[in-house]
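Inspection log for the structure reproduced underneath, given as structure tokens.
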Amino acid sequence: MSNKTQLSIIIPVHNEEENILELYKSLYNILSLVGKTYEIIYVDDGSTDDSFEKIKSIEDARVKVVRFQRNYGKAAALSCGFKKSKGDIVITMDGDLQDDPKEIPRFIEELDKYDMVSGWKSKRYDPISKTLPSRFFNWLTRFITGVKINDFNCGYKAYHNYVVKNINLYGEFHRYIPALAYWRGYSVGEIEVEHHPRIHGESKYGVERLLKGFLDLITVTFLMMYKKRPLHMFGGIGFLLSFSGVFISVYLMFLWIIGERIGDRPLLMLGILLTVIGAQFVSLGLIGELITNSRNNDDYIIKYDSYEMENGN
Ligand code: UDP
Ligand code: MG
């Protein structure tokens, strides 16, 4: 039998020192039953506690750790894990013991039918201050993206490898992975998963994250429609505005030629404004185009990487 990795588990970690070993043990037990060759990738997203030391203390060659220079957020951590993962099947889960490893076999089974499968925390053990905004959020995201799943926010998800290699995450984009995948043409399934209350450590998500998430929903929507061609949106609006501006100016010029006073007309201001704003929009579209086509570098810096260590660097 080849020693090809069949399954990669990715766990983003930010200050979870008390959860690391317990989660590893429980994963170890379940994965032994699953019977696939696997790797567990912890991405230490700038923890300031002993999370990194705890992960390093695990004596198991299948456990990998990538440590970030500082805290870049869950999206960056997942993105990094996606890049590193070698398994044909990739599963992401939170490192706080709220996601139960016993769901892994069900995820794998469901992947026979879909390109990716998202977890749905139908019964959540989180305060209402979190579940209520989250419900609104899921509704809005469903409405805007057209992806008919119940829970976008759940960190517990499973993918075929080809899906994760084709998704680029930053900002709060991890909330929209199903939408990003769906937009790429992949099928998205959903299974209900059991959710446990957080016992150790603190949740890092507050209202301000939700706000950022909302702004990213706008970006995602924009990306879905105009990712490759920002100029097509900005340029279209820009030319329309400029054209109206020029039209007004030509009209005013005509009045000026036949000897009318035009200096005190509000229309003059409007004509100039529209022309200038329109030109701005076209330039914005062009800049967007340039950025889109040159943006390929990661947003994070890696401080420690067990994959590099293995290669003898
Ligand atoms: N996390 C991370 N970087 C961050 C914030 C969180 O890697 O900046 C990790 C965290 O350690 C956990 C997962 O992402 O494993 C989910 O975080 P949390 O439990 O705080 O979110 P919640 O379950 O409250 O939505
Ligand atoms: Mg949590």
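Just so you know, ligand 1 is whichever comes first in the structure, and atom 1 is the first atom listed for that ligand.
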Identity and separation of the nearest protein heavy atom to [atom]:
atom                    : answer
atom 10 (C) of ligand 1 : Glu16 OE2, 3.2 Å
atom 22 (P) of ligand 1 : Lys130 NZ, 3.3 Å
atom 25 (O) of ligand 1 : Tyr205 CD1, 3.4 Å

Query raised in the report: By atom name, which N, O or S atom belonging to Asp96 lies closest to the Mg ion (ligand 2)?
Result: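 Among the N, O or S atoms of Asp96, the one closest to the Mg ion (ligand 2) is OD2.
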Query raised in the report: Backbone or side chain, does any N or O of Gly95 fall under 3.5 Å from an N or O of ligand 1?
Result: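 For ligand 1, there is an N or O atom that lies under 3.5 Å from one belonging to Gly95.
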**Report entry** Any Gly155 heavy atom less than 4.0 Å from ligand 1
**Finding:**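 Outside the 4.0 Å threshold, so no.
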Query - Parallel, tilted or perpendicular, as decided by the 30° and 60° cut-offs, for the rings of Tyr72 and Phe68 - result: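 It falls in the perpendicular class, over 60°.
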Query raised in the report: In terms of ring plane angle, is the pair Tyr24 and Tyr28 parallel, tilted or perpendicular, where the classes change at 30° and 60°?
Result: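 Aromatic pair Tyr24/Tyr28 classed tilted.
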Query raised in the report: Is there a ring-ring contact (aromatic ring centres under 6.0 Å, His included) between Tyr186 and Tyr159 once you walk through the steps?
Result: CA-CA 10 Å; Tyr186 296 126; Tyr159 314 80; 9.7 Å; no
Requested in this report: Using a strict 4.0 Å cut-off to heavy atoms of Gly73, name the atoms of ligand 1 that fall inside it.
Outcome: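 The list of qualifying atoms is 3 (N), 8 (O).
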Requested in this report: From atom 14 (O) of ligand 1, work out which of Lys74, Met93, Gln98 has a heavy atom at the shortest distance.
Outcome: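 Considering heavy atoms of Lys74, Met93, Gln98, the nearest to atom 14 (O) of ligand 1 sits in Lys74.
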Query raised in the report: Among Arg124, Glu202, Arg198, Lys121, whose heavy atom sits nearest atom 18 (P) of ligand 1?
Result: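 Looking at heavy atoms only, the winner is Arg198.
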Query raised in the report: So, Tyr162 versus Asp115: side-chain donor-acceptor pair below 3.5 Å or not?
Result: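 Distance-only check passes for Tyr162 and Asp115.
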Query raised in the report: Are the charged groups of Glu260 and Arg265 less than 4.0 angstrom apart, N to O?
Result: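 Salt bridge flag = yes for Arg265 with Glu260.
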Requested in this report: Could you check if a side-chain atom of Glu39 sits within less than 4.5 angstrom of a side-chain atom of Lys84, using non-hydrogen atoms only?
Outcome: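 They are not in side-chain contact.
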